[in-house]
Amino acid sequence: MSFKAAAIQMCSGVDPITNAASMERLIRDAASQGAVYVQTPEMTGAIQKDRDALRAVLKDEKVDIIVLTAARLARELGIYIHVGSTAIARADGKIANRGFLFAPDGERICTYDKIHMFDVDLDNGESWRESAAYEAGTEARVAELPLATFGFAICYDVRFPSLFRTEAVAGAQVLTVPAAFTKQTGEAHWEILLRARAIENGAFLVAAAQAGVHEDGRETFGHSMIIDPWGNVLAVAGGAGEEIIFAEIDPDAVASARGKIPNLKNARDFNLDTVSNNAGARGSVQ
């Protein structure tokens, strides 16, 4: 049976308590419009460039305001809530970029720690070193729910197709990419990467994003999206600030797409052979 999914777009600031209140308001709005699965963006709890200031407001997940609020709302509203990610303090001093999935009874189903760290040097001097503060995850995650089977990823993970293929082969029908894409990379690659991951795996894809100019000065791309297994964009948000988008997710459409193009089944193991013609390169070409 199909179900209504919602992707919540936020413009999180530096204060987790304020962000938790915004998240609650938006989740309640989504649930009131019939959503039974609601996803929030990456770094729901705080967008903060200053690592020392971020550490000062971080909590263990047992007392984190975003985690506690999401669990309470899932139980009260009777829906699945997927906190795309929030920063969680680890005992070793590092930070986890961790997503949480809660059941309609408020119990935590699973977590997912972002595997691929955003260590990049972009044009115009924009540079990021996520690994300087965050500990990378080591495990992919698939959750079998009554609604559908979900696969997890966060933001920069979208550039690593093998993660999504592994989850799809394991049965994932809905792939998730909560994100805080930079404006520069979002304009260049956001939509094409999301649609590619949906198409090549014959899966729905839900991507809730951060959007707009944040308190710490950074700007995120927004344009939260929900995409079907054929690559059609079912819903898309704008690029500035809060918004909620909705779409019907029908798991039967996954079976249909994979039946038409069964590339998950058709994949073959292969060997790689590298040949060299370095000697020939020494001569001149007339």
- Item | Verdict with supporting geometry, Tyr80 and Val36, side chain to side chain contact (heavy atoms under 4.5 Å, CB included) | CA-CA 6 Å; Tyr80 291 92; Val36 296; 5.5 Å; no

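- Counting only heavy atoms from C-beta outward, the side chains of Arg90 and Leu58 never approach each other to under 4.5 Å.
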- Task: Mind running side chain to side chain contact (heavy atoms under 4.5 Å, CB included) on Ile245 and Val236 for me, showing each step along the way?
- Result: CA-CA 7 Å; Ile245 58 171; Val236 59; 5.7 Å; no

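- A donor-acceptor pair under 3.5 Å is formed between the side chain of Thr166 and the backbone N or O of Ser162.
- Hydrophobic clustering (ILVMFWY, side-chain heavy atoms < 4.5 Å, transitive): Tyr156 and Val206 are in distinct clusters.
- To the nearest 0.5 Å, the span separating CG on Leu145 from SG on Cys110 amounts to 7.5 Å.
- Nearest heavy atom pair, residue Ala203 against residue Val254, reads CA-CG2, 4.5 Å.
- You'll find the side chain of Asp29 stays beyond 4.5 Å of the side chain of Arg25, heavy atoms only.
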Less than 3.5 Å apart, which donor and acceptor atoms pair up between the side chains of residues 171-184 and the rest of the protein, not counting sequence neighbours?
{"from": "Gln173", "atom 1": "OE1", "to": "Thr149", "atom 2": "N", "distance (Å)": "2.9"}
{"from": "Thr176", "atom 1": "OG1", "to": "Gly151", "atom 2": "O", "distance (Å)": "2.9"}
{"from": "Thr182", "atom 1": "OG1", "to": "Thr185", "atom 2": "N", "distance (Å)": "3.1"}
{"from": "Thr182", "atom 1": "OG1", "to": "Thr185", "atom 2": "OG1", "distance (Å)": "2.6"}
{"from": "Lys183", "atom 1": "NZ", "to": "Glu187", "atom 2": "OE2", "distance (Å)": "2.5"}
{"from": "Gln184", "atom 1": "OE1", "to": "Asp123", "atom 2": "N", "distance (Å)": "3.2"}
{"from": "Gln184", "atom 1": "NE2", "to": "Asp123", "atom 2": "O", "distance (Å)": "3.3"}
{"from": "Gln184", "atom 1": "NE2", "to": "Glu126", "atom 2": "OE1", "distance (Å)": "2.7"}

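- Without hydrogens or angle criteria, Glu242 side chain to Gln9 main chain gives no donor-acceptor distance under 3.5 Å.
- Between Asp50 and Asp216 there is no side-chain heavy-atom pair separated by less than 4.5 Å.
- Side-chain atoms of Gln39 do not come within 3.5 Å of backbone N or O of Gly84 as any donor-acceptor pair.
- Between the side chains of Glu243 and Ser224, not a single donor N or O lies within less than 3.5 Å of an accepting N or O.
- At least one side-chain heavy atom of Ile261 sits under 4.5 Å from a side-chain heavy atom of Trp230.
- Asn263 and Glu200 form no side-chain donor-acceptor contact under 3.5 Å, judged by distance and modelled atom types alone.
- If you check the side chains of His214 and Ser12, you find no donor sitting under 3.5 Å from an acceptor.
- Between the side chain of Asp157 and the backbone N or O of His116, at least one donor-acceptor pair lies under 3.5 Å.
- Hydrophobic clustering of Ile, Leu, Val, Met, Phe, Trp and Tyr side chains at less than 4.5 Å, counting indirect connections, keeps Leu163 apart from Ile199.
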Under 3.5 Å, which donor-acceptor pairs do the side chains of residues 131-140 form with other protein atoms, sequence neighbours left out?
{"from": "Ser131", "atom 1": "OG", "to": "Asp119", "atom 2": "OD1", "distance (Å)": "3.4"}
{"from": "Ser131", "atom 1": "OG", "to": "Asp119", "atom 2": "OD2", "distance (Å)": "2.5"}
{"from": "Glu139", "atom 1": "OE1", "to": "Arg141", "atom 2": "NH1", "distance (Å)": "3.3"}

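- The aromatic ring centroids of Phe160 and Phe164 lie 6.0 Å or more from each other.
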- Before giving the answer on salt bridge (Lys or Arg N to Asp or Glu O under 4.0 Å), spell out for Arg75 and Glu107 the whole-Å C-alpha distance, their side-chain angles and the decisive distance to 0.1 Å. CA-CA 8 Å; Arg75 182 172 57 252; Glu107 292 298 309; 5.9 Å; no

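- Ring planes of Tyr37 and His82: tilted class, angle from 30 to 60°.
- The residues Lys94 and Asp92 are annotated as not salt-bridged, no charged nitrogen and carboxylate oxygen being separated by less than 4.0 angstrom.
- With rounding to the nearest 0.5 Å, the separation of CG in Asn201 from CG in Leu264 is 6.0 Å.
- Between Arg197 and Leu194, every side-chain heavy-atom pair lies at or beyond the 4.5 Å cut-off.
- What you find for Cys11 and Gly241 is that their closest heavy atoms are CB-CA, 4.3 Å.
- The line from CG of Leu234 to CG of Asp228 is 4.5 Å long, rounded to the nearest 0.5 Å.
- Summarising the hydrophobic clusters (Ile, Leu, Val, Met, Phe, Trp, Tyr; side-chain heavy atoms under 4.5 Å, direct or chained), the residues clustered with Ile65 are Ile8, Met10, Met23, Leu26, Ile27, Val38, Ile66, Val67, Leu73, Leu77, Ile79, Ile81, Val83, Ile88, Phe100, Phe102, Ile244, Phe246.
- A salt bridge is absent between Arg98 and Asp64: the closest approach of a Lys/Arg side-chain nitrogen to an acidic carboxylate oxygen does not fall below 4.0 angstrom.
- Between Lys62 and Asp60, none of the side-chain N atoms (NZ, or NE/NH1/NH2) sits under 4.0 Å from a carboxylate O, so this pair counts as no salt bridge.
- Following chains of ILVMFWY side-chain contacts shorter than 4.5 Å, one cannot reach Leu101 starting from Val142, and the two form parts of different hydrophobic clusters.
- Placement of Ile226 and Leu193 within a single hydrophobic cluster is found when ILVMFWY residues are connected by side-chain heavy-atom separations under 4.5 Å, directly or transitively.
- In this structure, Phe204 and Asp250 approach most closely via the heavy-atom pair CE1-O, 3.1 Å.
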- Message: Would Arg28 and Glu76 count as a side chain to side chain contact (heavy atoms under 4.5 Å, CB included) here? Give the steps.
- Response: CA-CA 10 Å; Arg28 287 188 180 279; Glu76 177 188 339; 2.8 Å; yes

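- Heavy atoms from other residues, nucleotides or ligands lying under 6.0 Å from CG of Leu68 number more than 12.
- Remark: of the listed residues Thr220, Thr86, Asn97, Asn97 is the sole one forming a side chain to side chain donor-acceptor pair (under 3.5 Å) with Glu42.
- Within 6.0 Å of NZ in Lys4 there are more than 12 heavy atoms belonging to other residues, nucleotides or ligands.
- Of all heavy-atom pairs between Gly202 and Arg258, the closest is O-NE, 3.3 Å.
- Atoms SG and CH2, from Cys155 and Trp190 in turn, are 6.5 Å apart once rounded to the nearest 0.5 Å.
- The two residues Met43 and Ser85 make their nearest non-hydrogen contact at N-OG, 2.8 Å.
- Between Pro251 and Ile249, the shortest heavy-atom contact is CD-O, 3.5 Å.
- For the atom pair His223 NE2 and Met225 CE, the distance stands at 7.0 Å (nearest 0.5 Å).
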- Would Lys49 and Arg218 count as a side chain to side chain contact (heavy atoms under 4.5 Å, CB included) if you check the C-alpha gap in whole Å, the side-chain angles of each, and the deciding distance to 0.1 Å? CA-CA 8 Å; Lys49 282 183 180 179; Arg218 83 180 69 187; 3.4 Å; yes

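- Linking ILVMFWY side-chain heavy atoms closer than 4.5 Å, directly or via other members, places Ile154 and Met117 in two distinct hydrophobic clusters.
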